[in-house]
*Asks:* 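Take this structure, written in structure tokens, and hold onto it; I'll ask about it next.
In listed order, ligands and their atoms are each counted from 1. All of these numbers come straight from a predicted model, not from anything done at the bench.
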Amino acid sequence: MARRPDDICARPDRIPHCPIAPFAMPIYPASVWECEHTDQAEQLLSGEMQGYVYQRDGHPNADVLSEKLRELHQTDNAAITSSGMAAMSLAVLSQLQAGDHVVLSKQLYGKSIQLLASELPRLGIDSTPVDTCDLTATAAAINEHTRLVVVETVANPMLKVADIEGLAELAHQGGSLLLVDNTFASPVLCQPARWGADLVLESISKIVNGHSDVMLGALCGPDAHWQRVARASSAWGLASSPFDSWLAARGLATMALRVERASDNALRIAKHLESRAQVADVVYPGLASSDEHQRATKYLGDKFGWMVTFRLNGGRDAANRFIQGAKRVPFCPSLGELSTTLSHPESTSHRAVPACERAALGIDGGTIRLSVGIESVDTIVAGLEDGLAYLA
Ligand SMILES: *Cc1c(COP(=O)(O)O)cnc(C)c1O
């Protein structure tokens, strides 16, 4: 008897039998997996048996990505989340409760400050922003309720490098965990867990994926905290999608190459900008003249990242003219793209920071932050020169 069309259409698809495995990673968009018997279902759901049941609890495309990040960071685990901010939420929701206190760097990513300083108080979790470059001030901010200290390896846009080892010691003395957002360094240049960080965050949306077409994040850490992390990720619904994870795994495959190339380009660009009369100052931890150079060498090694910040003489007006002229270096307020982009902290990432604090950080209307890409360095220099020529 011929099958009914509705039965044919609705039948679950199966991979035709093939004795060998595909060389490239397939995408597994399955929301649910098929269990063979009741004991197996229980074992899979309790985590006793490795495998998958429901996508929100884990899927192969996230696991491929997390396995590489876990190895790169030399941590026991890595959880892949729907964005970098979801990874920050996961850290907070898995490790903190009402009555706890958080110490955060004043130079964190803007949304991280919003989450930690504005959203958490609604949940009964207080926070204190502090200049984490000042260990004495950081120690003074830690109190008996502090459970989490949050810093970035390299902070935006003045590229301050955190003393991760010193901060880990302070945090641990106070009975607190150290969370390091490593997005501006990437796991190629720095592995904060090696220096004592308990939790490490990456926004995969940036250079890990590196192709400006994915939102994902990762939280890496030790077995000791992981049961809570895995539970919170599922219960709060912070997990990643298979397709995004697949794209990001493809991006990650070339991350080491891209970070090396972009970092080499960034050093050459920083040196070039230092020589230009229209530029008042250049911030790059790879410059021997930088205050950050020694600490950067300790934590980043011999490559110093792809971010370069410089200040044009002439304030915001000069920045606008530069942006108009530098057509080959688009004004895209993010970072970690394949090609070079620029951002303007005063009007984007730091627009909510009071003017006096911005001035104290060294940011004015003429401050431009580059995310250097992997083009040939001559092309990038030419693109920047187009902008500088508009200022002449
Ligand atoms: C972009 C970014 C985040 C947030 O990541 P999303 O993937 O955009 O949510 C966190 N920290 C830093 C340093 C970032 O640059």
Side-chain angles (χ1 to χ4, degrees), residues 62 65-66 69 73 78-93 102 104-120 129 132 148-162 164 178-190 192 197 199-220 233 236-241 244-245 247-248 251-252 255 259 262 285 299-300 305-309 332-337 341-345 348-353 361 369-372:
L65 200 49
S66 77
L69 284 168
H73 275 304
I80 308 300
T81 55
S82 59
S83 68
M85 288 316 300
M88 185 64 82
S89 301
L90 180 56
V92 159
L93 294 168
V102 177
L104 62 130
S105 161
K106 279 185 182 172
Q107 294 195 40
L108 287 186
Y109 182 68
K111 285 283 173 214
S112 301
I113 294 183
Q114 195 181 324
L115 172 67
L116 299 171
S118 305
E119 296 294 319
L120 287 191
T132 45
L148 193 64
V149 176
V150 185
V151 299
E152 289 177 16
T153 311
V154 180
N156 182 42
M158 301 318 276
L159 311 180
K160 296 281 183 208
V161 179
I164 301 172
L178 177 67
L179 165 61
V180 177
D181 178 340
N182 197 53
T183 302
F184 274 48
S186 87
V188 180
L189 301 185
C190 184
L199 297 169
V200 179
L201 184 148
E202 298 281 354
S203 167
I204 294 174
S205 322
K206 312 293 169 56
I207 206 159
V208 175
N209 174 57
H211 293 68
S212 332
D213 51 12
V214 155
M215 284 276 123
L216 281 182
L219 185 69
C220 307
S233 174
W236 292 89
L238 302 171
S240 58
S241 94
D244 287 348
S245 301
L247 274 176
L252 186 147
M255 171 178 65
V259 167
Y299 290 109
L300 305 178
W306 59 99
M307 308 300 292
V308 177
T309 298
C332 294
S334 185
L335 59 135
E337 288 83 26
T341 60
L342 66 80
S343 185
H344 180 254
T348 63
S349 52
H350 288 66
R351 71 189 184 286
V353 177
L361 287 171
R369 194 213 63 197
L370 294 175
S371 170
V372 176

*Asks:* Give the C-alpha distance, both sets of side-chain angles, the deciding distance and a yes or no for side chain to side chain contact (heavy atoms under 4.5 Å, CB included) between Val92 and Val102.
*Replies:* CA-CA 9 Å; Val92 159; Val102 177; 5.9 Å; no
*Asks:* How far does CG of Leu370 sit from OG1 of Thr309, to the nearest 0.5 angstrom?
*Replies:* 7.5 Å
*Asks:* According to ring-ring contact (aromatic ring centres under 6.0 Å, His included), who are the partners of Tyr109, at least two apart in sequence or on a separate chain?
*Replies:* none
*Asks:* Quick one: does Thr183's side chain have a donor or acceptor within less than 3.5 Å of a partner on Ser203's backbone?
*Replies:* yes
*Asks:* Does Cys190 offer a backbone N or O that forms a donor-acceptor pair with the side chain of Asn182 under 3.5 Å?
*Replies:* yes
*Asks:* Is it the case that the side chain of Tyr299 and the backbone of Ile164 share a donor-acceptor pair, with hydrogens and angles ignored and the cut-off at 3.5 Å?
*Replies:* yes
*Asks:* Could you go through ligand 1 and note, for every N or O atom, any protein N or O atom closer than 3.5 angstrom, writing the atom names and distance to 0.1 Å, or 'none'?
*Replies:*
unit_1   : atom_1 : unit_2 : atom_2 : d
ligand 1 : 5 (O)  : Ser203 : OG     : 3.0
ligand 1 : 7 (O)  : Gly84  : N      : 2.8
ligand 1 : 7 (O)  : Ser203 : OG     : 2.8
ligand 1 : 7 (O)  : Ser205 : OG     : 2.6
ligand 1 : 9 (O)  : Gly84  : N      : 3.0
ligand 1 : 9 (O)  : Met85  : N      : 2.9
ligand 1 : 11 (N) : Asp181 : OD2    : 2.6
ligand 1 : 15 (O) : Lys206 : NZ     : 2.7

